Amino acid sequence: MDEKYFPEKIEQKWQARWVETGAFEVERDDARQPFYCLEMLPYPSGFLHMGHVRNYSIGDALAWHKRLQGFNVLHPIGWDSFGQPAEQAAIKRGVNPREWTEENIAHMRGQLKRIGVSYDWRREIAAHRPDYYKWDQWFFLKMYERGLTYKRKSAVNWCPQEQTVLSNEQSSGGVCWRCGAAVVKREIEQWFVRITAYAEELLDGMKELEAGWPERVLTMQRNWINRSEGAFVDFAVKDTDETVRIFTTRIDTIYGATAIVVATEHPLVEKAVLKDDVAQFVERVRAARQSRPPVPGEDEEKEGINTGLLAVNPFNGEQIPIWVANYVLMEYGTGAVMSVPAHDERDFEFAQKYSLPVRRVIERISHEQERIDHDREAGLDQSVAMPHAFTDYGILVNSGEWGGKLSAEAIALMAAHAQANNFGEAAVTYRLRDWGISRQRFWGAPIPMIYCEGCGIVPVPETDLPVVLPEDVKLTGTGESPLAGVAEFVNTTCPKCQGAARRETDTMDTFVDSSWYFFRYCDPQNEAAPFDTEKIKYWTPVNQYIGGIDHAVMHLLYTRFWTKMMRDIGLVSFNEPVERLMTQGMVTNQVEGTTEWKRMSKSLGNGVDPDDMIEAYGADAVRLFILFAAPPENELRWQETGIEGAVRFLRRVWGMVWRWSERLSGAAEGQSAAQPESAMGALEFSDAARALRRKTHQTIARITDDFAELHFNTSVAALMELSNAFADFGAQPATASGADVFVVREALEALVIMLAPFAPHVAEEMWENLGHAEGLLNQAARWPEANAELARREELEIPVQVNGKLRSRIRATPDTPEEELRAAALADEKVRGMTEGRHIVKVIVVPQRLVNVVVK
RNA sequence: GCCGGAGUGGCGAAAUCGGUAUACGCACCAGACUCAAAAUCUGGCGAGGUCACACUCAUGUCGGUUCGAGUCCGACCUCCGGCACCA
C-alpha cells in the first residue's frame with residue numbers, strides 16, 4: 001500500500017485479481033440462497049454513456065451488498081445487439097453490420113471492465129448471434145402453434161425516417177420512439193403477436209407488482225392497456241342485410257342517439273355503393289392522414305358526411321342516419337359509435353357543426369344543479385362561452401320503459417336486455433392492440449416462416465432452426481425488406497410438399513430479443529432449449545431489475561406478456577418476471593451558455609465521456625459520486641466538483657487505513673472485529689472508544705436498512721459520518737491501548753466492507769492492508785452485523801418544549817423513567833421562567849424523545 | 001381533459017412511527033501551513049435580530065386536526081412525467 005491513493009494502479013490490480021480468481025462467477029447451488037440482480041442490457045452503440053454508468057453502478061452496489069450478505073448472486077450482462085443503428089451504419093458507410101456490432105461490443109466490454117462492474121462474464125449473451133436468435137425463432141413457432149402469432153393486413157404505424165413498421169407502443173404520441181419522426185399510417189401485411197389475449201391478465205397481474213414496482217410505471221401500463229367496460233349494440237342497416245355494431249360505455253343514453261358515425265376504414269364504407277361525394281370524402285380523409293400525421297394534444301377539426309344509409313335503433317325502432325367521420329377511430333372498439341350529442345362532448349361538437357338533433361335523455365339528480373346546467377345549455381350562464389353536453393351520470397328521461405332509472409342501473413339492465421334479444425351484449429374493450437413484430441429490416445432475427453403456393457403458410461420445422469441471416473447483403477434503405485433481394489435466402493423448399501417455396505423476408509422487432517434475455521443468462525450455452533427449466537427455477541424471477549423509465553410501457557409490458565406465455569407453454573411456473581423494479585433517473589449536464597440541465601447528448605454538446613472521468617478520478621470515485629449525489633430515481637446533475645468531493649473522501653479513508661495499517665496487521669492474529677465480546681478479555685474502553693463503537697454499530701444498522709430500499713445516497717452519507725467520527729477519535733497508532741486498537745479495527749473494517757459496494761477496488765486494497773492478505777474482500781468478508789446494545793446511546797439530550805416550542809434541553813439516559821424526565825423538565829430554569837405564575841395544563845413525556853409542558 | 005409524482009438553505013439533498021427541521025456533501029467565507037499558489041487541515045455558513053445572548057420567522061399558498069405537523073386532512077398554486085377525438 002502506498003501512502004497516497006493512486007486509483008489507476010489499484011483498479012487495474014484488483015480487476016486482474018478478480019478475473020484470476022473468478023470472483024464473480026456463480027453456479028446454481030441449492031445449498032445457498034440465490035439473488036438475481038439485473039440491469040437492462042445495453043444496445044452496443046459503440047460507447048458507454050453516463051446513463052449506463054449510473055445503471056450499472058446501482059446494480060453493482062446491490063450485487064456487492066447481497067454477495068457480502070452471503071447470497072449466491074447472479075449478476076450478468078449482455079447485448080441488445082440487433083437493431084437500427086447497425087443497419088444505418090451499413091447503409092451509410094457500407095460496413096458489415098455484424099462486424100460493426102462485434103467491434104462495438106468489444107469496445108464497450110472494455111469500458112465496463114474498466115468501471116469494474118462485478119459481472120459473471122461467462123454468461124454474456126448477444127441477440128445477434130445465431131445461438132441466441134435461434135430461440136427467438138423457436139418461441140415464434142411455439143406461439144404460432146398456439147395461435148398467438150398470426151399474419152394480417154392492416155393499417156400500421158410507419159416511420160418514414162427509418163422506413164419500417166413500428167408497434168403501437170413504439171409510436172406512442174404519434175412519433176417514432178427511436179428517431180422522433182412523425183409516424184404515418186400504412187396498409188401492410190405483417191405478423192402480430194396476440195398480446196391482447198393477455199390484456200386482462202396484464203392488468204390484473206399488476207396487483208402482484210404493487211409492492212415492488214414504482215407506482216408511475218404501473219400507472220403508465222394501466223393507461224396504455226386502458227380497459228373500458230361497456231356494451232356492443234347492433235343496429236340494423238335499413239333495406240340491407242347488414243348490421244353496424246357499435247361500442248358504448250353509455251348504453252343508458254341510447255335513446256338520445258341521433259346518428260351512427262363510422263370510421264372511414266369501416267367495412268360498411270368499403271362494401272356499400274357510395275355516392276360520389278361520400279367516396280370523395282373518404283378518399284380525402286385517408287390521403288390527409290398519409291401526408292399529415294396527427295399532432296399529439298391537438299384534435300383535428302371534426303368532419304363528416306351523411307352516407308344516406310339509415311340505421312335502426314334496436315331499443316326504440318327509430319331510424320337514424322349513418323355518417324362517416326374523421327373522428328371515429330377504426331382501431332378502437334368496433335370503428336363505429338352511436339352519436340349522442342346531448343351527452344357526449346365530441347358528438348355535441350359534431351352535431352353543432354352539421355345541425356344534427358340534440359336530444360336530452362339524462363337529467364341531473366339534484367334540482368339545484370340542474371338549474372345551473374339548464375342555464376349553461378341555454379347560454380344564460382354568462383361564465384360559459386359555449387354550451388356543453390351533459391356527460392355525467394344521472395336519471396333517465398325520454399327513454400321508454402327505462403325512464404326513471406339511474407344510469408348505473410340502466411347500464412346493466414339495458415346491456416342484459418340487448419343480449420337477451422340478440423342485438424348486443426355487455427363487453428370490455430382495451431386500447432392495447434396486438435403487437436406488430438414484422439420489420440422490413442435486415443438486422444434482426446428472421447421470422448421462421450415459409451410461403452408455398454400449394455400449402456400456404458408453413459412454419460420452418462424446429463430442427464431447421466436457426467434460420468440464419470445471410471452475410472454480404474447490400475443494404476440500401478429503400479423500405480423494402482432487404483432479405484427479399486437475396487435469392488439464396490428467399491428461395492427454399494416447402495417443408496411439407498418439398499416444392500419450391502419462398503421464405504418470409506421480414507425480421508422480428510428487437511423487443512422480441514429483450515423480452516426473455518434474462519432467462520437465457522441462467523443457462524446461456526444451452527443448445528437443446530432456450531434454457532433448462534430447473535436452472536430457471538433456482539434463479540428466477542428476477543429479484544431486482546434496474547433500468548430507465550423509457551421502457552415502462554414497451555419492454556416492461558412485452559416481457560410481462562412473454563413470461564405469461566412461457567408459463568402457458570410450461571417453461572416457468574410464475575406469473576411475473578420481475579419482483580422489484582427500480583427506474584433510475586436521467587443523468588443531466590448543464591448546456592453550455594444556458595442555465596438548463598438536459599440529458600447528456602452529443603448534439604447538445606453536454607456529454608461527458610465516462611472514460612475521461614475514470615482517467616481523471618478513477619472508477620471508484622465516479623461510481624461513489626453517482627450514487628451519493630442524488631437518490632437513484634432522481635435526476636442526477638453532473639458536477640465535477642462533486643466527484644472531487646468523492647475523491648477527497650476516498651483519500652481521507654485511505655489515509656486512516658494507511659496510518660493504522662501496520663499496527664492492525666500486526667495485531668491481526670487472533671483479533672478480529674467479528675469475535676465475540678467474551679474473547680476480548682478485560683479490555684477497558686474509554687468514553688471516546690465507546691462513542692466510536694456506538695457510531696460504528698449505528699452506521700451498520702442504518703446502511704443495512706438503507707440497502708433494503710436502495711437509498712444509496714444516505715448510505716454514503718452515513719459512511720462519511722462514520723469516517724468523521726473516526727477522525728474525531730484521537731487515538732494514535734503508536735500509543736493506542738489494546739481497547740483502542742480493537743475499536744479502531746472494528747470501525748475501519750466496517751467502513752471498508754460497507755464501502756465496497758460503492759468503491760470496490762479501493763475497498764479491496766484497504767481490506768488487504770488491514771491485515772487480510774489471505775483472502776479477497778469479496779470472498780472472505782461478511783457484511784457486518786449491528787449490535788443494538790452497542791449502538792444504544794448512553795446519554796441523551798432531551799428537548800424540552802413549552803407549548804410545543806423548543807425552550808431547553810435536559811440530560812438523561814435511555815432508561816430515565818418518565819416521572820424523572822417530567823420532574824427534571826419542570827425544574828429546568830428556563831422552563832420555570834416560562835411557567836411561573838401560569839397554570840400547567842399537562843406535561844407530555846415521550847421517553848427518549850422529548851418533554852412538552854403545556855401551560856395556559 | 002384524464003391519470004400519476006413532486007415542491008425543504010446559494011445548489012444536490014436528509015429527517016424510519018406525528019416528536020430537536022436543514023444530517024452528509026458541493027459552493028462560499030475566514031484562519032493555519034506556504035515566499036506565493038494549489039493541495040491539505042481547522043472553524044463558520046437558513047432569514048431577521050443582537051457586541052454577544054435572548055427572541056422572532058422559515059419545509060409552495062391558505063385553512064384544519066393535534067400538547068406538538070416537512071410528515072395527517074381539505075382547498076388552491078406551481079413544476080415534472082404519462083396518455084390523449086379511446087366512444
Side-chain angles (χ1 to χ4, degrees), chain A residues 172-174 214-228 230 246-251 253 261 294-302 325-329 331-340 343-347 349-350 391 429-432 549 552-553 625 628-631 633-646 648-649 651-652 655 701-702 705-706 708-709 711 713-724 727 796-809 830 841-855:
Chain A
S172 173
E215 184 59 41
R216 61 174 176 158
V217 173
L218 297 178
T219 304
M220 283 160 75
Q221 293 207 357
R222 270 192 206 105
N223 283 348
W224 188 259
I225 297 169
N226 193 24
R227 183 180 194 273
S228 163
I246 59 105
F247 177 72
T248 179
T249 54
R250 292 298 304 273
I251 195 172
T253 65
V261 187
V295 184
E298 242 177 73
D299 292 344
E300 245 178 303
E301 163 90 25
K302 288 181 181 46
N326 62 348
Y327 76 95
V328 177
L329 308 171
E331 307 89 74
Y332 189 77
T334 59
V337 299
M338 62 177 190
S339 177
V340 185
H343 303 293
D344 181 279
E345 288 294 352
R346 292 155 301 181
D347 295 342
E349 189 190 331
F350 192 67
T391 58
T429 60
Y430 302 89
R431 196 186 66 149
L432 180 72
I549 186 74
V553 172
F625 165 69
F628 174 60
E633 48 276 277
N634 284 22
E635 173 190 340
L636 172 73
R637 296 186 164 193
W638 192 259
Q639 270 176 320
E640 224 159 305
T641 50
I643 310 186
E644 284 164 19
R648 265 199 292 274
F649 168 66
R651 273 202 289 257
R652 271 200 299 273
R702 185 170 157 195
D705 285 352
D706 281 349
E709 304 297 327
H711 291 163
N713 54 325
T714 49
S715 296
V716 177
L719 288 174
M720 289 172 169
E721 281 187 47
L722 178 58
S723 90
N724 291 344
L796 304 173
E797 270 204 335
I798 306 279
V800 181
Q801 300 179 335
V802 177
N803 286 346
K805 293 207 168 189
L806 178 70
R807 295 299 175 190
S808 184
R809 293 165 213 275
K830 270 242 179 94
V841 181
K842 59 174 159 177
V843 180
I844 288 152
V845 181
V846 185
Q848 300 192 40
R849 284 237 113 110
L850 97 169
V851 180
N852 187 11
V853 181
V854 186
V855 295

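Remember, predicted model here, so these are calculated numbers, not experimental data. FYI, side chains are in, hydrogens and waters are out, and symmetry mates aren't considered; it's all heavy atoms of this structure. In what follows, chains carry the letters A, B, and so on, assigned in the order in which the sequence lines appear, proteins first and then strands, with residues in each chain numbered from 1.
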**Request:** Output yes when at least one side-chain N/O atom of A:N223 is less than 4.0 Å from OP1 or OP2 of B:G4, else no.
**Result:** no
**Request:** May I ask you to evaluate whether A:N724 reaches the phosphate of B:A23, defined as a side-chain N or O under 4.0 Å from OP1 or OP2?
**Result:** no
Within the structure shown, what part of the strands sits under 4.0 Å from [X] by heavy-atom distance: base, sugar-phosphate, or nothing?
X	value
A:D344	nothing
A:R648	sugar-phosphate
A:V854	sugar-phosphate
A:R849	sugar-phosphate
A:K302	base
A:R807	sugar-phosphate
A:Q639	nothing
A:G333	nothing
A:T429	nothing
A:D347	nothing
A:P214	nothing
A:V328	base

Measure from the side chain of [X], starting at C-beta and using heavy atoms only, and say which of [options] lies closest.
X	options	result
A:P631	B:A14, B:C24, B:C67	B:A14
A:R346	B:A87, B:C41, B:A15	B:A87
A:A630	B:C85, B:C24, B:G12	B:G12
A:T219	B:U20, B:G4, B:G25	B:G4
A:F247	B:G19, B:A87, B:A14	B:A87
A:E215	B:U40, B:A14, B:G5	B:G5
A:R651	B:A23, B:A39, B:A87	B:A39
A:S172	B:G4, B:A84, B:C86	B:A84
A:F628	B:G19, B:U20, B:C24	B:C24
A:R431	B:A87, B:A84, B:C24	B:A84

With a 3.5 angstrom cut-off on both distances, give the Watson-Crick or G-U wobble partner of [N], or none if there isn't one.
N	value
B:G18	none
B:A36	none
B:C28	B:G44
B:A6	B:U78
B:A69	none
B:C83	B:G1

Using atom [atom1] in both nucleotides, what's the gap between [N] and [M] to the nearest angstrom?
N	M	atom1	answer
B:U40	B:A54	P	35 Å
B:C17	B:C76	P	28 Å
B:C11	B:U65	C1'	35 Å
B:A15	B:G81	C1'	26 Å
B:U66	B:C80	P	38 Å
B:U78	B:C26	P	37 Å
B:A6	B:G12	C1'	16 Å
B:A37	B:G25	C1'	25 Å

**Side-chain donor/acceptor of A:R809 to backbone N/O of A:E797, under 3.5 Å** = no
**Message:** Is it the case that the side chain of A:D347 and the backbone of A:V340 share a donor-acceptor pair, with hydrogens and angles ignored and the cut-off at 3.5 Å?
**Reply:** yes
**Item:** Pairwise 5' ranking along RNA chain B for A:E349 and A:R809, keeping only the more 5' one
**Value:** A:R809
**Fill in**
Per nearest nucleotide of RNA chain B, the residue lying toward the 5' end, A:V337 or A:V853, is A:V853
**Request:** Could you tell me the separation between the CD atom of A:E644 and the C1' atom of B:A38, rounded to a whole number of Å?
**Result:** 12 Å
**Asked** Considering all heavy atoms of both residues, which atom of A:F247 and which atom of A:G333 are nearest to each other, and what is their separation?
**Response** CB-CA, 4.3 Å
**Asked** Hey, is B:C33 sitting syn or anti, using the within-90° cutoff around 0?
**Response** anti
**Prompt:** Which way is the base of B:G63 turned, syn or anti, if we draw the line at 90° from 0?
**Reply:** anti
**Message:** Is the ring pair A:F625/A:W638 parallel, tilted or perpendicular, if the boundaries are 30 and 60 degrees?
**Reply:** perpendicular
**Asked** What residue among A:V854, A:V853, A:N803 forms side chain to side chain contact (heavy atoms under 4.5 Å, CB included) with A:V841?
**Response** A:V854
**Prompt:** Just checking, any donor-acceptor pair under 3.5 angstrom between side chains of A:T429 and A:Y332?
**Reply:** yes
**Asked** With the threshold set at 4.0 Å, does a side-chain nitrogen-carboxylate oxygen contact exist between A:R637 and A:E635?
**Response** yes
**Cationic N near anionic O, under 4.0 Å, A:E721 to A:R702** = yes
**Asked** Would you say the base of B:C67 and the side-chain of A:N852 have a donor-acceptor pair closer than 3.5 Å?
**Response** yes
**Asked** Is the CZ atom of A:R222 crowded by more than 12 outside heavy atoms at less than 6.0 Å?
**Response** yes
